[in-house]
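Some notes on the structure that comes next.
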There are 2 protein chains.
Amino acid sequence: MLSDRSARLGEGVGDLSRNVRSRTRREILDAASGLFAVAGFKGTSLQDIAAEVGCSKATLLYHFDGKDAILVEMLAPAVGAFGVLDRQLAGLADDTVQLAAVKGYVDLVLSFRREVTVLHGDIPGLLRHPALADVQGMVDRLLDALASRSPDPSAQVTALMVLGAIPIVCMKPVAMNDDELRDVLVRSAAGALNARGA
Amino acid sequence: MLSDRSARLGEGVGDLSRNVRSRTRREILDAASGLFAVAGFKGTSLQDIAAEVGCSKATLLYHFDGKDAILVEMLAPAVGAFGVLDRQLAGLADDTVQLAAVKGYVDLVLSFRREVTVLHGDIPGLLRHPALADVQGMVDRLLDALASRSPDPSAQVTALMVLGAIPIVCMKPVAMNDDELRDVLVRSAAGALNARGA
DNA sequence: ACAAAAACTGACCGATCGGTCAAATGCTGT
DNA sequence: ACAGCATTTGACCGATCGGTCAGTTTTTGT
């Protein structure tokens, strides 16, 4: 679970080498994310990924330190963006944080559909992973923001609902462009959050 | 966990035999559902279940035809109740079906939290199971009902959101009794559904 | 052209998976 | 007491899992 070879090697090599290497790595990550999304992390074997990429299983483990490393590196951009959102929301006041959380969360999910699908597909198993440990805290703070940082249990339940409502659009394909979809998601989520008090 | 098997000697022979058998089966199903809920179906081995029950792996396979059979029988009551809801909604008019769908779905989820958690934890893998094939159709019809049977894509997206919003309360324990929780869920879901058009 | 480095692979490993089976054990009715 | 049935179990099976390694092919710098 330590750093893979790309960190140690590839320092003094030529551009072509780096391109070939990074391209293979990207192909592996693409194939893996697709398979993880439809069959889950545990439901996808290294053999499956190797067959999809068109290489041997050993090649995967030459480029990555293990199956977990593939998963972690695949989720890295999404986790990073989630961290940015987390820090943004931390600086907002209680009366403005809710709408910002909804919009930011919707944007995040729509920007990383595949990653969200993978994460959503095996929440208990993956959030237990050490490399994804901080995600749990970010989720908790996002929930708090969605509830306007209110201690009211009903507000927290509604926040929980919004948390679960957005990622599901990653599963079923929908006949809408992303701008319209984003609008519907934000408006409906806001409707749910407002309905609690009304 | 099977220590008090010899109690109630005065009972009828057939009844006792059947009770012992059905109780062991129930213990297996309870242990399995708990493990499935926290680790997922694929993430739970027969060894894990056997250890939790306190018996051998072979005993599980004496009572059930296989790991899948445990899963199917565990989900059977929930699937049956879902079927009842499905038939109820089928007889409702387009302008009354939405609220009934919300209430019925919320009740269903709250009545079968564990089963919903298990199903929700491995949707793609489990809905592919032959014994759960009809669930997919029921989900589609529930989505249609939640959208008031409207072909409007935005209505269908909101229905999808409600579908995903409810089961998440099964994951995180919440400090509310079921009546209050049911009320919040129904009201917030209705808020999301109404916000679309407003 | 050629040695070194990088990329790749087949063969193999221990562990674990779901599942089978014959034998052992406990319980029941007579 | 005894025959018969239900229940339980350890030993075992083939398949597959993630992962390792020695060796081969391809690419690179000179």
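In what follows, chains carry the letters A, B, and so on, assigned in the order in which the sequence lines appear, proteins first and then strands, with residues in each chain numbered from 1. Everything numeric in this text was worked out from a predicted model, so none of it was measured.
- Taking atom CZ on A/Phe64 and atom P on C/dA7, their separation rounds to 12 Å, with Å as the unit.
- Shown here are the salt bridge (charged side-chain N to carboxylate O under 4.0 Å, His left out) partners of A/Asp94, two or more places apart in sequence or in another chain: A/Arg149.
- Using a 3.5 Å distance cut-off with no hydrogens or angles, the side chains of B/Ser154 and B/Asp152 do pair a donor with an acceptor.
- Of the side-chain N and O atoms in A/His63, one or more sit less than 4.0 angstrom from OP1 or OP2 of C/dC8.
- B/Thr59 has no side-chain polar atom (N or O) that falls below the 4.0 Å cut-off from OP1 or OP2 of D/dT7.
- Ion pairing between A/Lys103 and A/Asp107 fails under the 4.0 Å rule for side-chain N and carboxylate O.
- In this structure, the NE2 atom of B/His129 is 13 Å from the P atom of C/dG18, given to the nearest Å.
- Whole-Å rounding puts the B/Asp65 CG to C/dT20 C1' distance at 13 Å.
- At the phosphate of D/dT8, neither OP1 nor OP2 sits under 4.0 Å from any side-chain N or O atom of B/Tyr62.
- One finds a salt bridge joining A/Asp183 and A/Arg187 here, because a Lys/Arg side-chain nitrogen approaches an Asp/Glu carboxylate oxygen to under 4.0 Å.
- Rounded to an integer number of Å, the gap from CG of B/Leu61 to P of D/dA11 is 17 Å.
- For A/Thr24, whose side chain is taken as the heavy atoms from C-beta onward, the closest listed nucleotide among D/dT8, C/dC8, C/dG19 is C/dC8.
- The salt bridge (charged side-chain N to carboxylate O under 4.0 Å, His left out) pairs that include a residue from residues 120-137 of chain B are B/Lys42-B/Asp122, where partners are two or more places apart or lie in different chains.
- What separates CG of B/Leu60 from C1' of D/dT9 is a distance of 12 Å, to the nearest Å.
- B/Asp178 has a carboxylate O that lies under 4.0 Å from a charged side-chain N of B/Arg113, or vice versa, which qualifies the two as a salt bridge.
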Anything under 3.5 Å between a protein N or O and an N or O of nucleotides 11-17 of chain C, put it in a table, one pair a line.
residue: C/dC17; atom: OP1; partner: B/Ser45; partner atom: OG; Å: 3.4

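- In the set D/dT7, D/dT9, D/dT20, the nucleotide with an atom closest to the side chain of B/Ser56 is D/dT9.
- In this structure, CZ of A/Arg25 is placed 14 Å from C1' of C/dA6, rounded to the nearest angstrom.
- Between A/Ala131 and A/Val72, the shortest heavy-atom contact is CB-CG2, 3.7 Å.
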